[in-house]
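One structure below.
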Number of protein chains: 2
Amino acid sequence: MVRARSAERRAEILRATLEMIAERGYRGASLSAVAERVGLSQQGLLHYFPTKEALLVAVLEERDQWDTGGGTRSDGTWRIDLLASLVEYNAMRPGIVQTFSALLGESVTEGHPAREFFTRRYTQVRASMAAMLRAEYGERLPGGLTPERAAPLLVAMMDGLQYQWLLDPDSVDMPAAFQDFLTLLRSTESSAPENPRS
Amino acid sequence: MVRARSAERRAEILRATLEMIAERGYRGASLSAVAERVGLSQQGLLHYFPTKEALLVAVLEERDQWDTGGGTRSDGTWRIDLLASLVEYNAMRPGIVQTFSALLGESVTEGHPAREFFTRRYTQVRASMAAMLRAEYGERLPGGLTPERAAPLLVAMMDGLQYQWLLDPDSVDMPAAFQDFLTLLRSTESSAPENPRS
DNA sequence: AACGAAACCTACTGCTCTACCGGTAACGGA
DNA sequence: TCCGTTACCGGTAGAGCAGTAGGTTTCGTT
């Protein structure tokens with residue numbers, strides 16, 4: 001009973017933190033503001049998460065579980081059509097996208113507590129994407145690309161489109177643009193490697 | 001003489017500000033820290049730029065001039081090979097890239113002073129890219145894309161790669177990856193539109 | 001030589017931030 | 001019914017923040 005109530009509170013706090021980070025970024029999000037949003041004093045919040053950084057870590061971990069959960073195949077790889085669905089889904093949740101875009105931007109600064117998280121995560125996501133591309137299209141992709149070379153492009157496209165979309169949703173149709181990219185990756189014949197890398 | 005010295009100081013300040021933003025982001029960059037870096041008191045700095053926001057605006061304006069200057073053709077459009085060169089150039093200046101990536105990330109948060117700047121800038125850059133693509137490849141691009149539809153992809157790719165590269169330069173060869181994308185945009189036959197948009 | 005502006009600085013205000021310390025009240029288990 | 005744990009809150013330390021007020025020095029111009 002107590003446990004359940006506690007877990008509920010923690011979930012509330014994490015949700016509020018996500019919102020605050022979307023609005024102000026991690027550095028700009030103050031503990032008091034988060035606490036106020038869940039109807040707690042700042043000290044009450046610190047009872048659940050002892051430091052601000054611990055709170056951020058909890059947010060990141062929750063998210064990590066969240067989106068390594070759905071959308072993957074039994075062998076752990078993604079399906080490319082589900083990737084497109086994910087982008088469509090994201091387009092309906094600007095809040096979440098904004099949270100992680102703001103966080104990603106901050107994370108490149110020195111000593112940011114999310115930096116290591118994102119670094120590790122991108123390594124993992126690139127590998128996952130490469131596996132997906134290989135499963136879907138085999139070894140040869142358009143332009144003589146290998147799955148390993150195409151994977152970072154896929155990730156970059158998703159992230160990059162998010163920023164343009166967040167800044168100006170009316171001018172950028174994110175899901176359509178991402179589909180365009182997938183078309184590009186699909187529609188063309190795979191030729192011999194044009195500029196092989198070592 | 002005085003004027004020259006003053007302009008020199010301003011330039012120093014702007015350079016230091018760029019550094020500080022790269023290290024801590026805009027919100028995390030304090031006036032005192034910037035001032036110290038140029039050997040001024042915080043109030044001495046405020047003599048040149050009356051508010052923190054004015055300082056940021058000056059940084060953005062300087063950058064705006066800077067990179068709408070080189071690389072464009074007489075008619076104001078870019079050349080695509082110069083775009084690849086720009087990416088290569090950026091790969092040698094992690095500081096600058098970091099500054100603007102951090103700023104872009106922050107700018108999606110509410111009420112950020114750089115938000116309008118980036119919004120306007122991306123609109124303009126997309127238009128510029130579309131013009132370049134049209135000049136270079138004509139109306140039909142691979143996958144049935146129009147220049148207007150490919151333009152945001154080009155921009156997104158540049159931005160997205162920057163984040164991956166900043167987080168893990170050893171794992172991501174940014175210029176090569178961008179070249180891969182350009183190859184993708186080039187190497188394939190232009191087919192009829194597959195999924196035309198309204 | 002006198003003047004005015006530019007280029008700073010010291011001191012300070014008022015605010016916000018994270019985090020610690022020490023309480024207290026409720027509650028579930030023994 | 002006692003007792004330990006959980007779930008908080010008030011107070012406050014201690015630091016940093018942007019920005020103001022009011023100086024003084026330097027220096028080019030007249």
Side-chain angles (χ1 to χ4, degrees), chain A residues 1-60 102-103 106 109-115, chain B residues 1-60 102-103 106 109-115:
Chain A
M1 206 57 61
V2 167
R3 288 256 155 218
R5 181 96 195 113
S6 174
E8 204 175 306
R9 263 274 198 255
R10 282 180 63 100
E12 272 182 73
I13 292 170
L14 291 179
R15 192 186 42 76
T17 307
L18 248 95
E19 280 177 29
M20 279 298 308
I21 292 177
E23 288 171 24
R24 304 192 185 251
Y26 170 68
R27 267 190 248 258
S30 77
L31 292 177
S32 340
V34 173
E36 196 186 4
R37 194 160 295 193
V38 290
L40 236 59
S41 74
Q42 188 229 120
Q43 296 75 5
L45 187 150
L46 283 173
H47 169 71
Y48 289 93
F49 301 94
T51 67
K52 191 183 179 184
E53 193 169 325
L55 182 55
L56 175 63
V57 168
V59 164
L60 294 175
L103 231 35
E106 271 183 306
T109 61
E110 284 168 23
H112 195 281
R115 176 157 200 164
Chain B
M1 207 58 59
V2 166
R3 284 259 157 216
R5 181 100 194 108
S6 174
E8 204 176 306
R9 263 273 198 255
R10 282 179 63 100
E12 272 182 73
I13 292 170
L14 291 179
R15 192 185 42 77
T17 306
L18 257 118
E19 280 177 29
M20 279 299 308
I21 292 177
E23 288 171 25
R24 307 195 183 250
Y26 170 67
R27 267 189 249 258
S30 77
L31 292 178
S32 340
V34 174
E36 195 187 3
R37 193 159 297 193
V38 290
L40 237 59
S41 76
Q42 187 225 117
Q43 293 72 12
L45 188 149
L46 283 172
H47 170 71
Y48 289 93
F49 300 94
T51 68
K52 192 183 178 183
E53 193 170 326
L55 182 54
L56 174 63
V57 167
V59 164
L60 293 175
L103 230 35
E106 272 184 306
T109 60
E110 285 168 22
H112 194 281
R115 177 159 200 160

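Chain A is the first sequence line, chain B the second, and so forth, proteins listed ahead of strands; every chain is numbered from 1. Just the heavy atoms: all of them, side chains too, but no hydrogens, waters or symmetry mates, feed the values below.
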Problem - Spacing of CG belonging to B:Leu14 relative to CZ belonging to B:Arg10, to within rounding of 0.5 Å - result: 6.5 Å
Problem - Pairing residues for A:Glu36 by the salt bridge (charged side-chain N to carboxylate O under 4.0 Å, His left out) criterion, not counting sequence neighbours - result: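 None.
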What is the separation between atom [atom1] on [X] and atom [atom2] on [N], rounded to the nearest whole Å?
{"X": "A:Phe49", "N": "C:dA19", "atom1": "CZ", "atom2": "C1'", "value": "16 Å"}
{"X": "A:Ile13", "N": "D:dT6", "atom1": "CD1", "atom2": "C1'", "value": "14 Å"}
{"X": "A:Arg10", "N": "D:dA7", "atom1": "CZ", "atom2": "C1'", "value": "13 Å"}
{"X": "A:Glu8", "N": "D:dT6", "atom1": "CD", "atom2": "C1'", "value": "16 Å"}
{"X": "B:Leu45", "N": "C:dT10", "atom1": "CG", "atom2": "P", "value": "15 Å"}

OP1 or OP2 of [N] under 4.0 Å from side-chain N/O of [X]:
{"X": "A:His47", "N": "D:dA7", "result": "yes"}
{"X": "A:Arg9", "N": "D:dC8", "result": "yes"}
{"X": "B:Tyr48", "N": "C:dA6", "result": "no"}

Problem - Side chain to side chain, A:Leu31 and A:Phe49, heavy atoms closer than 4.5 Å - result: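 No. Closest side-chain heavy atoms not under 4.5 Å.
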Practice task
Evaluate the side-chain proximity of A:Leu56 to A:His112: yes if any heavy-atom separation is below 4.5 Å, no if none is.
Solution key: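 Heavy-atom side-chain distance check passes, below 4.5 Å.
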Handout entry: Over 12 non-hydrogen atoms of neighbours within 6.0 angstrom of CZ in B:Arg27
Key = yes
Problem - Under 4.0 Å protein heavy-atom contact, by nucleotide of nucleotides 11-23 of chain D - B base, S sugar-phosphate only - result: BB----SBBB---
Handout entry: Test: A:Glu12 and A:Arg15 ion pair at under 4.0 Å
Key = no
